[in-house]
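Let me begin by presenting the structure, written as structure tokens, before commenting on it.
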Amino acid sequence: MSTGGRARGRARGRGKATASTPAPTPGEASRSAAATPQMDPQVAPGRGRTRGAATQPMVAAQLARPPAKPEAAQPPVQQMQRLQVGPQGAGGLDRGRRSRDHNVFQTRPEHVKDKQGKTGSVCQLVSNNFRLKTKGQWALYQYHVDFNPPVDSKRLRIALVKQQKEIIGATNAFDGMVLFLPIKLERTETVFTTQTKRGENIQITIKLTNELPPFSGVCLHMYNVIFRKVMGSLNMQQIGRHYFNPDNKIEVRQHKLEIWPGFITSISQRETHIMLEAEVSHKVLCLSTILDELYDLFHANRSSFKEQATKKLVGQIVLTKYNNKTYRVDDINWSLNPMSKFKKFDGSEISYVDYYAQVYERKITDLEQPLLVSRPKRREVRAGQQGPEVLHLIPEFCTVTGISDEVRSNFTVMKDLAQHTRVDPKNRAATLNRFLHSISNNKEANSHLERWGLSLDNNLMDIQGRGLPAEQLSQRNFKFSYDIRTADWSRETRGKPVQTAVNLDDWLVIFSPRDKANTQDFVQTLIRVCGPIGMRVNQPALIALNGDRTENYIQAIKEKMTQRTQMVCCIVPNNRKDRYDAIKKQCCLEMPVPSQVVVGRTIAKKQMLMSVATKIGMQLNCKLGGELWCVHNPVPGLMVIGIDNYHDSAQRGRSVCGFVASMNRTLTRYYSRCSFQTPGQEIVDGLRVSLLASLKKYYEINGQFPAKIIVYRDGVGEGQTQAVRDHEIPQLIKCIQGLIPGKE
């Protein structure tokens, strides 16, 4: 089984806060603390505290609730024992099992002794990996820390342990319960007594519980946590999970955008080595703020301003440049503005305009702007992190991150961005080598690695690969190959009959008045170019609309479509997403029929019309169930399955699992199915149903079950590979055995 390597499930540790940590957005400070009381005010100030930090306004019931009186309660030992440094939780915390299997995860079958191929020619390749080296007989030592009497405050526990540099050394990772050290203490159990600022004596017991080898899952995660500290030493800013360099930003002023160059990094096991995998990345930011977008929407349509603003902004990821943090916009609170007040930790009230002036020295210019609402993530709630139910953000200080669908569909903008973001292999390798040298030349970064007994190779890893020859393709009775350097065979297939053609006898073409002439030319060209590929296209029913509103297209589909309609083709004046979504929803859910949406300007260029019509004709043939070409498959009875997940940003926690399975020898016909996943539901539940249905369909078509099945499993990261092997694969095998008795 192949798993996707998109780094979605890779280690996600974050460095602990230091005195240089930026001040929080109002209300965020309380969320960053674990579900334990505040740090004792008499203990070493500056340890993750933000003086004068404020909490976000909460619901009325919470505001009215009086502060709880301290009680002589026992500490939440069971909850705290689940907070461990490890590969599962955020922030370097493992909220799960304490004992782990440290065996190396083997992905190669036992009967395969040599995976090197013999086809093609040998070539030398440069990978985007640096080898991470450990010194001598390196190990990571895990200790359990007990406090007597018990200490409720996690911050106080961390402060008490961090002060003991003479005993544990200056290099350590401690989350309040579990301590990791690069050195082994003299005794298996170390006991000492220390005092708080109040003079209270606390006995601390540090007991060795595990000696972890370099390839263990906990160590792999710790490497990533350590390397995040290294990235911070390079003056790079963390946005989301990756790091970018604002000092080298590139402004694309004609499109009101700027590009921050950066790197995506992940440390993981690659066969017998631990490798740092690095990739050049770019973060695209808007130069305009959310407030600017609100102004534009207001002037464009005052009557439905609030509705349009909510529709455009909710679900967007915004960056607050005063602390370089990203937030998801969940709502817009029109009843609040910067003059509104909220409560601080000490119970006093302060307005947003005063808070930002005092903490960030930023002046809010528009005092009437609404506030953006961002709610805590589910994983923060599950982790027991306390804080306000919502955060309120100032639109004036927020910018949209990433590329919107509107910008992505603009050829000119994407072309200008590609000049800076599309890096060829030679320059990519050079950039990565400069990145490594910047680490080696930085004393703080080097020191951090050395204290943990780690170091990096000086150059990218060279590997030996093989250049494979071009595959032989077939198109009905015509066999051909292609230029391996371009991997393009459009010229070879031009004018040749496709593998399987489906005639288009009854179809609709719906267009706006302005596209009438171009639509007629397109239809005649399409009929002409589809003949040579073996596809007969009859004259469609041409439906001219009175306008180009979305309702016009939907109404025309409802009125003109019949039971015999094979295809609905809509010519639209622009690529408005709401119109496209409405047409597809109508044609996929309300009145199921294959559909094709074509933007008017695509068929407006006469010199390109033949080429455009040919490509659209091939798309229509595929949507009708036809096949264009195929590759020779040497394995009889083979079924290929593809699985991927989609996470809906508009509905947190809900995801869709897509499933496809091949139904014929040439792997050109597929059975598809999707299943909806809710929080807490196992993905394998939907996979079992999809697999059973696909096997039954394969039997119905071929009269026998497949002899072999290859599964391409995307949608999981490397950190989830073990779960896929231990949970999903046995369930799928059991499902096959239940349907086909005696099948091993």
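Between K734 and R688, the closest side-chain pair of non-hydrogen atoms is not below 4.5 Å. Residues E471 and Y482 have side chains in contact (heavy-atom distance under 4.5 Å, counting atoms from C-beta outward). Under the 4.5 Å side-chain criterion, counting only non-hydrogen atoms from C-beta, K696 is not in contact with E700. Using a 4.5 Å heavy-atom threshold, the side chains of Y671 and S694 count as touching. Side-chain contact between H242 and K283 is absent, with no heavy atoms from C-beta onward closer than 4.5 Å. Proximity of R466 to T119: side-chain heavy atoms (C-beta onward) are nowhere separated by under 4.5 Å. Residues T550 and R576 have side chains in contact (heavy-atom distance under 4.5 Å, counting atoms from C-beta outward). Counting heavy atoms from C-beta on, the side chains of S512 and Y553 come closer than 4.5 Å.
S127 places a side-chain N or O within 3.5 Å of a backbone atom of M461 that can act as its donor or acceptor partner. Remark: the backbone N or O of H282 is not paired with any side-chain donor or acceptor of T421 at under 3.5 angstrom. A donor-acceptor contact shorter than 3.5 Å links the side chain of T431 to the backbone of N427. Listed for the N664 side chain is a donor-acceptor partner under 3.5 Å among the backbone atoms of R669. Although no hydrogens or angles enter the test, the distance criterion places a donor-acceptor pair under 3.5 Å between the side chain of T401 and the main chain of I317. In terms of modelled atom types and a separation under 3.5 Å, the side chain of N633 and the main chain of R665 share a donor-acceptor contact. N552 contributes a side-chain N or O that, together with a main-chain N or O of R549, makes up a donor-acceptor pair within less than 3.5 Å.
Distance check: C630 SG to E627 CD gives 7.5 Å after rounding to the nearest 0.5 Å. In this structure, OG1 in T500 is found 9.5 Å from CG in L628, a value given to the nearest 0.5 Å. Rounding to the nearest 0.5 Å gives a distance of 9.5 Å between CG of L460 and CG of L276. Atom CG of L508 is separated from atom SG of C569 by 9.5 Å, given to the nearest 0.5 angstrom. The distance from atom OG1 of T493 to atom CG of L473, rounded to the nearest 0.5 Å, is 9.5 Å. Rounded to the nearest 0.5 Å, atoms CG (L545) and CD (E551) are 11.5 Å apart.
For the residue pair Q555/E559, the side-chain donor-acceptor check at 3.5 Å is satisfied. For the residue pair D416/T412, the side-chain donor-acceptor check at 3.5 Å is not satisfied. Side chains of T668 and T666: a donor on one and an acceptor on the other come within 3.5 Å. Residues N574 and R579 bring a donor and an acceptor atom of their side chains to less than 3.5 Å of each other.
The local environment of CG in D462 is crowded, with over 12 non-hydrogen atoms from other residues, nucleotides or ligands closer than 6.0 Å. Atom CZ of F480 has more than 12 heavy atoms from other residues, nucleotides or ligands within 6.0 Å. At most 12 non-hydrogen atoms from other residues, nucleotides or ligands lie less than 6.0 angstrom from CE of M608. For CD of Q607, the number of neighbouring non-hydrogen atoms (other residues, nucleotides, ligands) closer than 6.0 Å is greater than 12. Other residues, nucleotides and ligands contribute more than 12 heavy atoms inside 6.0 Å of the NZ atom of K606. More than 12 non-hydrogen atoms from other residues, nucleotides or ligands lie less than 6.0 angstrom from CG of D726.
For the pair W489 and A487, the tightest heavy-atom approach, listed with the atom from each and the gap, is CZ3-O, 3.7 Å. Pairing each heavy atom of R476 with each of Q499, the nearest pair is N-OE1, 2.7 Å. Looking at every heavy atom in both residues, I533 comes nearest to C530 through CG1-O, 3.1 Å. Counting all heavy atoms, side chain and backbone alike, D515 lies closest to G600 at OD1-CA, 4.0 Å. The shortest non-hydrogen separation linking L526 to A613 is CD1-O, 3.3 Å. V593 and M567 get closest at one heavy-atom pair: CG2-N, 4.1 Å.
With P706 as the fixed residue, the side-chain contact (heavy atoms from CB on, under 4.5 Å) test singles out one of L638, L695, I736: L695.
Ion pairing between K558 and E590 fails under the 4.0 Å rule for side-chain N and carboxylate O. Between D505 and R536 a salt bridge is recorded (basic side-chain N to carboxylate O distance below 4.0 Å). Between K426 and D424 there is no salt bridge, since no side-chain nitrogen of the basic residue lies less than 4.0 Å from a carboxylate oxygen of the acidic one.
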Inset, instruction - Could you please spell out the steps behind the side-chain contact (heavy atoms from CB on, under 4.5 Å) verdict for L620 and M535? - result: CA-CA 10 Å; L620 297 180; M535 180 183 178; 4.1 Å; yes
Inset, instruction - Go through I641 and L691 one step at a time and tell me if the side-chain contact (heavy atoms from CB on, under 4.5 Å) criterion holds. - result: CA-CA 9 Å; I641 293 175; L691 178 60; 3.6 Å; yes
Inset, instruction - Any chance you could lay out the side-chain hydrogen bond (donor to acceptor under 3.5 Å, both in side chains) test for R270 and S268, step after step, and finish with the verdict? - result: CA-CA 7 Å; R270 292 287 182 266; S268 55; 3.1 Å; yes
Inset, instruction - Starting from the C-alpha separation in whole Å, work towards a yes-or-no answer on side-chain contact (heavy atoms from CB on, under 4.5 Å) for I571 and V509. - result: CA-CA 7 Å; I571 312 297; V509 177; 4.2 Å; yes
Inset, instruction - Report the C-alpha distance between H255 and V252 in whole Å, list the side-chain angles of each, state the deciding distance to 0.1 Å, and finish with yes or no for side-chain contact (heavy atoms from CB on, under 4.5 Å). - result: CA-CA 6 Å; H255 304 303; V252 188; 3.6 Å; yes
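A cation-pi arrangement is found for K496 relative to F478, the charged atom lying closer than 6.0 Å to the ring centre and inside a 45° cone about the ring normal.
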